[in-house]
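Following: one structure in structure tokens, then a few remarks.
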Amino acid sequence: MEPAITVRGLRKEYPGGRGVQDVSFDVAAGEIFGVLGRNGAGKSTTVECIAGLRERDAGQVTVCGIDPAADEPALRRVLGVQLQDAALPEKLTVDEALNLYASFYDDPAPIDQLRDRLGLTQVRGSYFGRLSGGQQQRLSVALALIGRPRVAILDELTTGLDPQARREVWSILEQLRDTGTTFLLVSHFMEEAQRLCDRVVVIDDGRVVALDTPGRLAATLEAGQRMSFTLDATPPIDVLQALPSVRAARAEGGVVHVEGDADVVTDVILALDAHGTRARDLRVDQSNLEDAFVALMEKQEVRR
Ligand SMILES: Nc1ncnc2c1ncn2[C@@H]1O[C@H](COP(=O)(O)OP(=O)(O)OP(=O)(O)O)[C@@H](O)[C@H]1O
């Protein structure tokens with residue numbers, strides 16, 4: 001199947017010389033694809049070139065086979081966009097906003113269904129300015145989806161939301177997964193990307209520095225596993241450090257901290273048993289995308 005989005009050798013320079021140097025990736029139809037990177041990495045510039053909001057200097061971009069720079073009307077028929085800080089008038093109600101946006105399209109999504117799906121039925125008569133942050137974001141997702149787009153771009157969807165509202169928006173997106181829409185999600189939150197995205201691209205300094213599933217990214221960057229525990233006996237740190245799966249072991253304030261690869265927990269428990277002691281208050285933290293992201297950014301700093 002043709003990819004929903006292709007980006008090849010994208011370059012966009014600003015007068016200051018920054019922007020996007022060289023970005024390439026494909027997004028498969030139906031994927032939730034994350035665009036990650038620290039502030040100023042080039043995420044918004046990339047996404048704006050895909051959304052036809054910015055002209056690129058070089059490279060190729062297609063959305064469902066359409067070049068955003070060449071055929072804007074065709075692009076609008078396949079693409080829905082929810083951009084950072086897209087505010088609506090305070091005194092527009094939810095239903096008015098939905099009806100207004102629906103009027104832009106020949107064949108909009110049924111409003112009742114969309115309102116229901118996005119959890120907005122109870123606030124259909126409320127002014128935009130009176131909605132909670134989470135409700136405003138859910139409305140902005142509804143508006144991005146009203147034209148039944150094949151591809152939807154969601155930029156910084158949950159920035160500024162409290163943890164509960166953020167989780168509500170995430171669960172809505174999980175439910176939208178089965179609609180077959182392709183989502184391009186720009187995010188600062190690794191937990192969000194880990195939970196929602198099938199694959200992510202990490203952009204740094206205008207270039208792609210990683211492109212993979214969140215799980216594989218966490219594994220290949222060897223963020224590994226961390227465990228901590230207490231012991232009744234003196235911690236046998238040298239014994240633990242000698243285990244092949246252990247990368248680092250130290251005791252601090254009566255708590256032993258060990259980091260290592262996937263086998264570290266079993267190896268440490270067995271080694272302690274052989275040593276005649278047992279771990280208490282055991283905590284194990286699986287490495288996650290956030291660890292991988294931090295490790296990746298540290299690598300980038302070293303390279304500079
Ligand atoms: N209109 C502009 N004129 C000049 N420089 C710009 C312009 N827009 C962005 N830049 C610069 O280009 C680089 C990439 O910016 P961009 O907004 O794409 O990054 P980002 O990854 O989306 O950042 P953030 O997470 O902060 O939104 C930054 O160094 C930024 O300062």
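Here the structure is a predicted model, which is why all the values come from computation and not from measurement. As the structure lists them, so they are numbered: ligands from 1, and atoms in each ligand from 1.
Any N or O atom pair closer than 3.5 Å counts here, and Pro15 shares no such pair with ligand 1.
The shell of residues lying under 4.0 angstrom from ligand 1, judged by heavy atoms, excludes Gly16. Taking 4.0 Å as the cut-off, Gly19 counts as a neighbour of ligand 1 on heavy-atom distance.
Residues Thr6 and Asp26 bring no donor and acceptor atom of their side chains to less than 3.5 Å of each other.
When all heavy atoms of Pro149 and Leu79 are compared, the pair lying nearest together is CB-C, 3.7 Å. Annotation for Ala102 and Ile111: closest pair CB-CD1, 3.9 Å, computed over non-hydrogen atoms.
For His188, every heavy-atom contact with ligand 1 shorter than 4.0 Å involves the side chain, none the backbone.
When each atom of ligand 1 is checked for a heavy atom of Arg38 under 4.0 Å away, the hits are 21 (O). Ligand 1 places these atoms under 4.0 Å from at least one heavy atom of Ala41: 19 (O), 20 (P), 21 (O). Under a 4.0 Å criterion applied to the non-hydrogen atoms of Ser44, ligand 1 contributes the atoms 17 (O), 18 (O), 20 (P), 22 (O), 27 (O).
If you check each of Arg54, Glu156, Lys43, Glu48 against atom 25 (O) of ligand 1, the one with the closest non-hydrogen atom is Lys43.
Proximity of Leu196 to Trp170: side-chain heavy atoms (C-beta onward) are separated by under 4.5 Å at one or more points. Considering only heavy atoms from C-beta on, Tyr101 comes within 4.5 Å of Leu88 through its side chain.
A donor-acceptor pair under 3.5 Å links the side-chain atoms of Glu31 to the main chain of Ala28, judged by distance alone.
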